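One structure below.
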Protein chains: 2
Amino acid sequence: MLEDSPLRRDLHWLAAQLKHGLSMIETEIAQRHGMSLWAYTVLVEVAGGPSRSQLALAAAVPVDKTKLVAILDELEAAGLDGRRPDPRDRRARLVDPTDAGRAALDAATREIRSVEDSLLADLDADRRADFVRTLQHVVTTRLAQAAGTATGPETSC
Amino acid sequence: MLEDSPLRRDLHWLAAQLKHGLSMIETEIAQRHGMSLWAYTVLVEVAGGPSRSQLALAAAVPVDKTKLVAILDELEAAGLDGRRPDPRDRRARLVDPTDAGRAALDAATREIRSVEDSLLADLDADRRADFVRTLQHVVTTRLAQAAGTATGPETSC
DNA sequence: TATTGTTATACTCTATAACTATA
DNA sequence: TATAGTTATAGAGTATAACAATA
């Protein structure tokens with residue numbers, strides 16, 4: 001047998017637990033505001049940038065364009081966003097949030113940030129900043145190298 | 001709109017990226033040693049403890065007992081573990097690794113640890129220990145509180 | 001009657017391909 | 001001919017229920 005690693009439970013297990021736990025919590029929050037977590041993720045992008053076509057939106061999230069159709073249907077049925085034809089290209093449809101959509105998004109975002117903040121609340125400011133910075137570094141710099149081109153679309157929710 | 005959070009990308013997104021990236025990498029490693037990542041996860045438990053029934057194994061991983069059947073079939077077909085009847089209860093079957101199973105497990109584990117270690121390799125020892133300790137703390141202590149009973153079985157792979 | 005391992009069934013997600021209307 | 005959006009189809013993965021053998 002191999003001797004014990006310094007990582008009691010490995011990084012993969014820890015990341016899976018954290019992701020799964022946050023998914024559960026944030027799914028509940030999103031649903032309380034009338035959205036699935038995927039719909040919340042899309043609405044963040046819809047409200048966070050200029051009016052865009054569904055294709056541009058799909059590239060930004062990122063999510064498959066065929067899946068985006070169902071998500072936008074859900075948001076539209078809940079009155080949280082709307083589609084209108086692009087006057088310059090009648091094939092395309094521009095997506096915009098409604099006022100209710102912006103309100104629901106802000107409320108849900110406040111709750112989600114509050115939960116994520118509270119997870120780190122018992123760390124002092126230095127350790128907390130260090131932790132987040134290190135996690136960002138590992139994900140954006142080291143992981144991209146190690147995984148090569150492996151990390152495509154469809155990574156969350 | 002809400003003002004920017006100190007988390008550029010939120011914790012959920014970072015955790016999802018890390019988990020997804022490690023899944024891709026470790027799936028490739030496991031398959032190079034003749035296993036799926038689920039089979040590797042089960043084999044870790046099989047080789048890491050005493051001979052146990054499938055039910056005890058399913059509880060330990062954790063994974064559903066019906067799913068475990070298929071995973072053990074895969075391991076058995078690859079010659080990495082074996083099932084034998086429990087002499088004290090003929091309903092139950094005890095699972096043990098073969099010599100080839102232990103060898104494949106050790107080799108795969110070495111590679112997986114190497115990848116996980118290399119992700120943190122450019123951090124000095126203090127920051128690295130701090131990061132892992134904080135992540136373990138957040139997952140095992142803070143997250144369990146916040147998620148309540150939400151984190152059931154089936155959390156990884 | 002309850003439990004172990006197994007098989008069968010249904011359900012959810014996702015991935016791919018095909019279709020329409022415009023360009 | 002190519003592109004934007006949509007719909008339909010197929011596949012993987014998971015969850016639930018039912019079953020045979022044994023306790």
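Chain naming here is simple, since letters A, B, ... match the order of the sequence lines and numbering starts at 1 in each. Everything quoted here is computed from the prediction, not taken from an experiment. Hydrogens, waters and symmetry mates play no part in the numbers below; they use all other heavy atoms, side chains included.
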For the backbone of A:Arg110 and the side chain of A:Ser114, can you confirm whether one donor and one acceptor N or O come within less than 3.5 Å of each other? no

Do B:Asp99 and B:Arg102 meet the salt-bridge criterion of a basic N to acidic O distance under 4.0 Å? no

Rounded to whole Å, the CG-P distance (B:Asp73 to C:dA8) equals 13 Å

Are the side chain of A:Glu116 and the backbone N or O of B:Leu11 linked by a donor-acceptor pair below 3.5 Å? yes

Would the distance check show the side chain of B:Ser51 and the main-chain N or O of B:Asp96 forming a donor-acceptor pair, the cut-off being under 3.5 Å? no

Report the distance from atom CG of A:Leu55 to atom C1' of C:dT22, rounded to the nearest whole Å. 14 Å

With each end axis built from five pairs of C1' atoms, what bend angle do you get for the helix from C:dT1-D:dA23 to C:dA23-D:dT1? Round to 10°. 20°

Would you check if the side chain of A:Arg142 reaches a backbone N or O of B:Ser118 as a donor-acceptor pair within less than 3.5 Å? yes

A:Arg93 with A:Asp86: basic N within carboxylate O range, under 4.0 Å: no

Does the distance from a Lys or Arg side-chain N to an Asp or Glu carboxylate O, for B:Asp10 and A:Arg113, drop under 4.0 Å? no

Value in whole Å for how far the P atom of C:dG5 lies from CZ of B:Arg52: 12 Å

Can you tell me if A:Glu74 uses its side chain to pair, donor with acceptor, with the backbone of A:Ser36 under 3.5 Å? yes

A:Gln54 has an atom CD; how far is it from atom P of D:dT7, in whole Å? 10 Å

Rounded to whole Å, the NZ-C1' distance (A:Lys67 to C:dA15) equals 10 Å

Respond yes when some side-chain nitrogen or oxygen of B:Arg93 is under 4.0 Å from OP1 or OP2 of C:dT3, and no when none is. no

Are the charged groups of B:Arg128 and B:Asp117 less than 4.0 angstrom apart, N to O? yes

Sugar-phosphate or base contact per nucleotide [nucleotides 18-23 of chain D; S, B, -; heavy atom under 4.0 Å]: ---BBS

CG of B:Asp64 versus P of C:dT7: gap in Å, rounded? 15 Å

When rounded to whole Å, the CG to P distance for the pair A:Leu72 and D:dA4 reads 15 Å

Measure CG/A:Asp86 against P/D:dT3 and give the value in whole Å, please. 17 Å

